[in-house]
Amino acid sequence: MTAPKKLFIKTYGCQMNVYDSERMAEALGANGYVATARAEDADMILLNTCHIREKAAEKVYSELGRLKPLKDANPDLKIGIAGCVAQAEGAEILRRAPVVDLVVGPQTYHRLPEMEAAVRAGGRLVDTDFPAEDKFDHLPRRQAPGPRASRGPSAFLTVQEGCDKFCAFCVVPYTRGAETSRPAARVIEEARSLVARGVREITLLGQNVNAYHGAGPDGAAWGLARLIGELAALEGLERIRYTTSHPGDMADELVAAHGSEPKLMPYLHLPVQSGSDRMLKAMNRRHTAAAYLRLIGRIRAARPDILISGDFIVGFPGETEADFRATLDLVAEVGYGQAYSFRYSPRPGTPAAERPGVDPAEADDRLARLQALLARQQAAAQAAMVGREVGVLFERPGRLAGQMAGKSDHLMAVHVADPALAAGDLRRVRITAALANSLAGVLA
Ligand code: SAM
Ligand code: SF4
């Protein structure tokens with residue numbers, strides 16, 4: 001028997017890329033690959049890239065520069081670029097980076113086994129199609145003993161991909177393509193196999209996950225609430241989350257599910273981007289600040305203890321100090337438990353990239369002010385947990401000896417020192433202290 005080949009994947013960006021990396025590793029398992037955590041040992045290196053941040057492509061080219069000595073030392077090493085930079089740059093990557101053997105987009109990575117065989121035979125390949133076939137139909141079933149067969153109690157499951165919203169700043173509709181939803185039966189089957197492998201929490205993923213409208217076994221399109229309801233019936237699956245949502249797709253049934261489905265965790269990432277209606281219009285977000293606030297009110301009425309998380313862009317072209325203050329006002333009104341905030345950066349090919357930008361020093365100053373407010377809110381949300389009893393799913397040993405670390409129902413990091421705990425345990429914990437980025441507790 002030949003020794004297995006080793007695969008090293010470096011993943012950038014969002015949870016959808018984390019999920020895709022797992023599926024790519026499983027697909028290459030069919031070609032005899034096992035995972036390695038060391039690039040130096042690898043027979044194949046894949047960079048699963050993200051195009052959301054500034055200078056994404058340039059960062060990939062610098063990383064390739066760092067990998068060149070490995071390729072010089074081992075001419076049999078194959079290097080591939082996957083993900084959204086691969087989709088956006090395509091054949092340009094082969095031209096600019098001679099160390100790269102293959103370029104594969106997010107919709108064609110099910111073809112990796114054939115591509116790998118072809119590059120082993122001496123080719124250099126690019127595949128950034130948006131093919132008619134569904135990649136999920138061509139990927140190995142998840143119970144296959146892929147290179148990452150041993151896994152933790154929490155898993156991602158992509159149910160929806162792409163986006164038709166075309167926010168004026170965003171590359172996703174271009175790199176991930178039109179919105180598509182996986183059939184409900186396939187999602188349920190994948191969830192079942194994850195649960196059989198010890199998974200107790202599943203986070204449903206999509207660029208616009210609450211737009212989910214997959215075909216149900218009855219032929220009707222199922223919304224996300226219906227899918228969550230069916231998944232909640234799976235014995236052994238204890239927690240369900242979903243991300244990322246658009247405010248415009250928050251159906252009444254989904255809001256109601258937050259009140260009626262105990263397995264749906266009290267945490268919702270619902271980006272608003274700005275509190276100014278003028279900016280929201282310029283961003284093509286298709287909702288107003290007031291509509292967002294009303295929606296938050298309805299969600300909180302369904303689930304009063306829900307923790308709201310969000311994304312913000314400051315310094316969007318045309319943003320004035322008054323627009324920015326409207327964002328601060330909205331943040332103050334919502335009270336976020338967690339949030340991501342970014343300075344606007346132009347993405348080539350998007351409508352906003354053509355517009356004159358805000359003074360960079362001004363944008364930096366606004367970002368600092370917004371982040372200070374969000375940090376205060378996050379610290380307050382953490383502090384409010386002290387003395388409360390919460391559910392915690394333990395995932396791994398903590399940083400100190402004897403500790404186990406996991407996530408609370410509200411997705412906060414919690415650690416507990418107790419010799420009785422093991423990874424995969426779901427326990428009630430009384431929170432005793434709020435530290436900088438985590439909570440400490442004792443078993444209740
Ligand atoms: N689909 C989600 C939504 O509608 O909010 C998230 C998409 S994106 C992967 C994640 C976040 O990156 C966005 O919510 C936005 O705040 C930020 N982002 C996207 N494009 C950006 C840009 N050009 N400049 C700065 N931030 C950006
Ligand atoms: Fe991008 Fe999200 Fe807007 Fe779609 S809804 S274009 S993914 S920011």
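Values below: all heavy atoms of this structure, side chains included; hydrogens, waters and symmetry mates excluded. As the structure lists them, so they are numbered: ligands from 1, and atoms in each ligand from 1.
The ligand atoms of ligand 2 that sit less than 4.0 angstrom from a heavy atom of C167 are 3 (Fe), 5 (S), 6 (S), 8 (S). For ligand 2 and F169, the ligand atoms under 4.0 Å from any heavy atom of the residue are 8 (S). Close contacts between ligand 2 and F166 involve ligand atoms 6 (S) [criterion: under 4.0 Å to a heavy atom]. Atoms of ligand 2 found under 4.0 Å from any heavy atom of H246 (numbered from 1 in listed order, with element): 5 (S). Of all atoms in ligand 2, numbered sequentially from 1 with element shown, those under 4.0 Å from a heavy atom of R285 are 3 (Fe), 8 (S). Near K165, meaning under 4.0 Å from one of its heavy atoms, ligand 2 places the atoms 4 (Fe), 5 (S).
The nearest heavy-atom contact from the protein to atom 1 (Fe) of ligand 2 is C170 SG, 2.3 Å.
In this structure, D305 pairs ionically with R303, as a charged nitrogen and a carboxylate oxygen lie closer than 4.0 Å. One finds a salt bridge joining K71 and D101 here, because a Lys/Arg side-chain nitrogen approaches an Asp/Glu carboxylate oxygen to under 4.0 Å. Looking at R182 and E189, no side-chain N of the basic residue comes within less than 4.0 Å of a carboxylate O on the acidic one, giving no salt bridge. Comment: D134 does not engage R186 in a salt bridge, judged by the lack of any side-chain N to carboxylate O separation of less than 4.0 angstrom.
T49 pairs in a side-chain contact (heavy atoms from CB on, under 4.5 Å) with only one of the listed residues (T11, V85, N17), which is V85. Each of T158, T244, L157 was scored for a side-chain contact (heavy atoms from CB on, under 4.5 Å) with L205, with one residue passing: T158.
Ring geometry for H138 against H110 counts as tilted: the plane angle lies between 30° and 60°, on a 0 to 90° scale.
There is a side-chain donor-acceptor pair under 3.5 Å between Y33 and E116.
Ring-centre distance between H258 and Y242: below the 6.0 Å cut-off.
Atom CZ of F312 sits about 5.5 Å away from atom CG of L374, to the nearest 0.5 Å.
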Would you mind listing each N/O atom of ligand 1 next to any protein N/O under 3.5 Å, plus the distance?
{"residue": "ligand 1", "atom": "1 (N)", "partner": "Q207", "partner atom": "O", "Å": "2.6"}
{"residue": "ligand 1", "atom": "4 (O)", "partner": "R285", "partner atom": "NH1", "Å": "3.3"}
{"residue": "ligand 1", "atom": "5 (O)", "partner": "Q273", "partner atom": "NE2", "Å": "3.3"}
{"residue": "ligand 1", "atom": "14 (O)", "partner": "Q273", "partner atom": "NE2", "Å": "2.7"}
{"residue": "ligand 1", "atom": "14 (O)", "partner": "D311", "partner atom": "OD2", "Å": "2.6"}
{"residue": "ligand 1", "atom": "16 (O)", "partner": "Q273", "partner atom": "OE1", "Å": "2.7"}
{"residue": "ligand 1", "atom": "23 (N)", "partner": "F169", "partner atom": "O", "Å": "3.0"}
{"residue": "ligand 1", "atom": "23 (N)", "partner": "S345", "partner atom": "O", "Å": "2.8"}
{"residue": "ligand 1", "atom": "24 (N)", "partner": "S345", "partner atom": "N", "Å": "3.1"}
{"residue": "ligand 1", "atom": "24 (N)", "partner": "S345", "partner atom": "O", "Å": "3.4"}

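Residue P173 touches ligand 2 through its side chain alone, judged by heavy-atom distances below 4.0 Å.
In the candidate list E179, R286, M283, Q207, Q207 is nearest to atom 2 (Fe) of ligand 2, counting heavy atoms.
In this structure, R96 forms a cation-pi arrangement with Y61, its terminal cationic atom sitting closer than 6.0 Å to the ring centre and no more than 45° off the ring axis.
With a cut-off of 2.8 Å, atom 1 (Fe) of ligand 2 has no N, O or S atom of C163 in range.
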